[in-house]
Amino acid sequence: MDPGEGGSPAAPSTSVAAPGADADTREDAGKQVVVILVGPPGSGKSTFAEAVMAGAAAAGRPWARVCQDTIGKGKAGTKIQCLKAAADALKEGKSVLIDRCNLEREQRSDFVKLGCTVQADVHAVFLDLPAKVCISRSVSRTSHEGNVQGGMAAMVVNRMLKNKQAPLLTEGFSRITFCTDDDDIKKAVDMYSALGPSHSLASGVFGQKSKGPVQTGIMKFLKKADTSSVNKSSGTMVTSSERKTGQQNTTLKQENLEAGGACSMQVEKKLDNLKEKGEQSKERVSSDTSLCTLAFPSISTADFQFDLEKASEVIVDAATDFVQKHDNVRLVLVDLSQKSRILSLVKDKAAKKSFDSSRFFTFVGDITQLHSKGGLQCNVIANAANWRLKPGGGGVNAAIFNAAGEALQHATKECADTLRPGNSVAVPLPSTSPLHQQEGVTHVIHVLGPNMNPMRPDCLKNDYTKGCNVLREAYNSVFENFASIARSYPGKQNDETSSRKSASGVISPNDSKTKREGIDDSERTKKCKLLPSILTSQQHHERKGTNTLSYHDNSMGSSDAPNQAREEDNKKNGGVTNKTWGSWAQSLYEVAMHPEKYKNADSILEISDEFVVLKDLYPKAKRHVLVISRTDGLDSLADVKKVHLPLLRSLHSAGLKWAHKFLEEDASLTFRLGYHSVPSMRQLHLHVISQDFNSPSLKNKKHWNSFTSAFFLDSVDVMDDVDQHGSATINPDEKLLAMELRCHRCRSAHPNIPKLKSHIGACKSPFPSHLLKKDKLLSVSTGRTGCS
């Protein structure tokens, strides 16, 4: 097994007879486990699964075996059937053993995603037995469930092994166990059989063994220095000059002897260089502990399929520019594989730049175990997140969420709900998080880069001009957030850096802070959810004048105090506490406070003293506009009191007016006016949305349920509540957003959005009775309804 293909090796767990006594088994909240068995026919997957289930009764954890060879009523079935059976078992509270070959990452990915979706621990058990053993077993067996036996078995096993891909932590596994013989398999069976309902297994890679010595000529070895699994686990640098030299000394001398003593002087010289550079490398990693360090993965180059050459150029330009402008910070590009091409490209390009290489370098290791496994202390790590900021999906995102635990999920939800390409959001990591406690990570910066994968949302279709710009914005956003965090660390501030002026071409901390808060950064404004790119560079500079500073001081700059005061009021009143708004979520607030700056934008429909009306740039129906309050301090319905009732009526009347305008253009439409219980954007705003829901921007359950469940509060009900009780009755339960997809008219259930949309287009059922009361729906037949 090539050590470069796995995660950080560790000693296998061998003593599991008494769960809780073993260092590898710990008390936990009782998570379910999805164990994905990996191995060719004859490796013993079915025997493993049956043995675990037979021995698990005493431990009390319920298991279900999902076997593709028998899934079709005792006959071989499909992967889809296996996924459904696994999902059903997980719903019943069982842990699951996936009994199929799973030798390729693509074959495993859907099962990994399923486990991550339900927040189960996802493990891989790789039965990596010698090929001759698997073939011998397969050929000699009879009555096999999948009929892989006899003479054809050898051909099947050989074909599968040609495409074998060892499981990696970056796929989304929290634990990988390698079994290379029957003794390893027995230990793994005993371990899972003894796993009680309140126990979980430690994360990491266990039982991985390196290959035997490679017999290669001495000159070839000097060109391609091999790296052992011990080297991998320590998180060493990418370049050969930055690898540990103790093991290489022995290997080089051995190779020299095998070569008959040839080139001995070259070998000794090479050893000296390796030793010297290795010591320098070790110094670089362990020294400079006073530097605040950001570890970040390559963004968009994995699942989003961004060109590696172009990505490496953006990384080097952005990183070197950043470290030259900021003191007392350090950037580390991390990848799990020693053979990573992106690390190699970045290293080569960075070598041509003039900068302090101890403050930006590449590193091989698990980004969630840099301190414990690699000796590299990183205060902040960046996460290549998905747009929903949810766990799962495999790769770095799944690994970080898994390592940080539920604390990161809750903290992320407090900061932002979604993310747009080119943006990032910094999330303080609670001290209760395992990643904080074990690795010293205090912040995670979620970032979303550009997508070139047609199977993923917002594909740019190989438009690398736009893609490189978005990727550059993404890295700059991460580095700006990191700079803000670094300044909060004791001893990390630097007066000289702080006094630099923007006029010199260097970003000062004040400028960076202003940009992060969305005050004067036109680039951020371009990416905001509801605003197009409408600021010219001239306007951008104008906004840095006295008016902008006054606005900053009076509003954004002091927003923490009002937010805290409102939080205290809400807690006293039993209401919903205000969330911390990410910079991207401030765009509606910016428009509401300074609409004159956007009056020429196509998206702005109306501006008054009380409100602004604008189109939603990601409409969820044919017609979808927002009526935004201009009253400062009203972030959402949770802030509304009885004194705001006249304002609510004004917003409602404006919404009615625009709905009638749209009805004059298309009489077939029906409109509904309302508010989200917990909005994703700051500043109170009323949705005016047609009920056809015919829009490509409506893509998932969250979109649908946010407008068709109790999460959406009708404007007339909100006004009645405020009038009678002094505040709105809010339903903040976000489980409403995860409900099954049901037609908003006939309430029939549908498996996915495309089928739901197809049904809606043909559904003629009347709307539910509760929507037919109090003029909650507006159409040509209802006539004009006012608001008193």
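None of the values given here were measured: they were computed from a predicted structure.
- Taking OG from S603 and CG from L605, the interatomic distance works out to 7.5 Å, rounded to the nearest 0.5 Å.
- Of all non-hydrogen atoms in V33 and A120, the two that sit nearest each other are N-CB, 4.5 Å.
- Heavy atoms only, all atoms of each residue included: R682 and Y589 are closest at NH2-CE1, 3.5 Å.
- Pairing each heavy atom of D635 with each of P679, the nearest pair is O-CG, 4.4 Å.
- Counted within 6.0 Å of NZ on K349, heavy atoms from surrounding residues, nucleotides or ligands total more than 12; the atom is thus considered enclosed.
- Not one N or O on the side chain of T670 forms a donor-acceptor pair closer than 3.5 Å with the backbone of Q691.
- Looking at every heavy atom in both residues, I71 comes nearest to C82 through CG1-N, 4.2 Å.
- Contact of the V441 side chain with the L370 side chain is not registered, since no non-hydrogen atoms from C-beta on lie closer than 4.5 Å.
- Put simply, the side chain of L331 reaches to within 4.5 Å of the side chain of F482, judged on heavy atoms.
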Verdict with reasoning, V122 to C116, per side chain to side chain contact (heavy atoms under 4.5 Å, CB included): CA-CA 7 Å; V122 184; C116 292; 4.2 Å; yes
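- Between R623 and L669, the closest heavy-atom pair is CG-CD1, 3.8 Å.
- At a threshold of 4.5 Å between non-hydrogen side-chain atoms, the residues R100 and K79 count as touching.
- Two rings, from H624 and F707, have their centers less than 6.0 Å apart.
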Checking side chain to side chain contact (heavy atoms under 4.5 Å, CB included) for the pair E313/L345: CA distance, chi angles, key distance, verdict? CA-CA 8 Å; E313 292 176 0; L345 289 169; over 6 Å; no
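- Interatomic distance, M452 CE to K310 NZ, rounded to the nearest 0.5 Å: 8.5 Å.
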Evaluate side chain to side chain contact (heavy atoms under 4.5 Å, CB included) for L448 paired with R420, printing each intermediate quantity in order. CA-CA 6 Å; L448 184 64; R420 295 295 301 161; 5.7 Å; no
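- For the side chain to side chain contact (heavy atoms under 4.5 Å, CB included) test with P595, the passing option among V612, I628, V613 is V612; the others fail.
- Once rounded to the nearest 0.5 Å, the distance linking CE of M455 with CZ of F304 reads 13.0 Å.
- Residues I299 and F306 fail the side-chain proximity criterion, which asks for heavy atoms closer than 4.5 Å.
- S690 and D692 share a donor-acceptor pair across their side chains, judged by distance under 3.5 Å alone.
- H123 places no side-chain N or O within 3.5 Å of a backbone atom of D121 that could act as its donor or acceptor partner.
- One distance of note links CZ of F173 with OG of S203; it measures 13.0 Å at 0.5 Å rounding.
- By the 30° and 60° cut-offs, the orientation of the rings of H687 relative to H676 is tilted.
- Ion pair E406/K413 not flagged as a salt bridge, since none of the NZ, NE, NH1 or NH2 atoms sits closer than 4.0 Å to an Asp/Glu carboxylate oxygen.
- You'll find the side chain of E106 stays beyond 4.5 Å of the side chain of Q165, heavy atoms only.
- Ring-centre distance between F296 and F479: below the 6.0 Å cut-off.
- Judged by distance alone, the side chain of Q107 and the main-chain N or O of E104 form no donor-acceptor pair under 3.5 Å.
- Rounding to the nearest 0.5 angstrom, the gap separating the CD1 atom in I485 from the CD1 atom in I445 is 4.0 Å.
- Taking a 6.0 Å sphere around NZ of K466, one finds it holds 12 or fewer heavy atoms contributed by other residues, nucleotides or ligands.
- The environment of E665 atom CD is dense: over 12 non-hydrogen atoms of other residues, nucleotides or ligands sit within 6.0 angstrom.
- Distance alone, capped at 3.5 Å, places no donor-acceptor pair between the D317 side chain and the D321 backbone.
- Of the possible polar contacts, one joining the K757 side chain to the S695 backbone as a donor-acceptor pair under 3.5 Å is found.
- In this structure, the side chains of F111 and L83 come closer than 4.5 Å at one or more pairs of heavy atoms.
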Where do L686 and L626 land on the side chain to side chain contact (heavy atoms under 4.5 Å, CB included) test, with the steps shown first? CA-CA 6 Å; L686 172 72; L626 306 179; over 6 Å; no
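- When atom types are taken as modelled, the side chain of W658 and the backbone of L614 share no donor-acceptor pair closer than 3.5 angstrom.
- I315 and S298 make their closest contact through CD1-OG, 4.0 Å (heavy atoms, listed as atom of the first residue, atom of the second, distance).
- The shortest side-chain heavy-atom distance between P421 and N451 does not fall under the 4.5 Å cut-off.
- No side-chain heavy atom of Y618 sits less than 4.5 Å from a side-chain heavy atom of H703.
- One finds the OG1 atom of T442 at 10.0 Å from the CG atom of L435 (value rounded to the nearest 0.5 Å).
- S300 contributes a side-chain N or O that, together with a main-chain N or O of P450, makes up a donor-acceptor pair within less than 3.5 Å.
- Remark: side-chain polar atoms of R108 are paired, donor with acceptor, to backbone N or O of N102 under 3.5 angstrom.
- No donor-acceptor pair under 3.5 Å is formed between the side chain of H759 and the backbone N or O of H750.
- Counting only distance, with no hydrogens or angles, the side chain of S706 and the backbone of K702 share a donor-acceptor pair below 3.5 Å.
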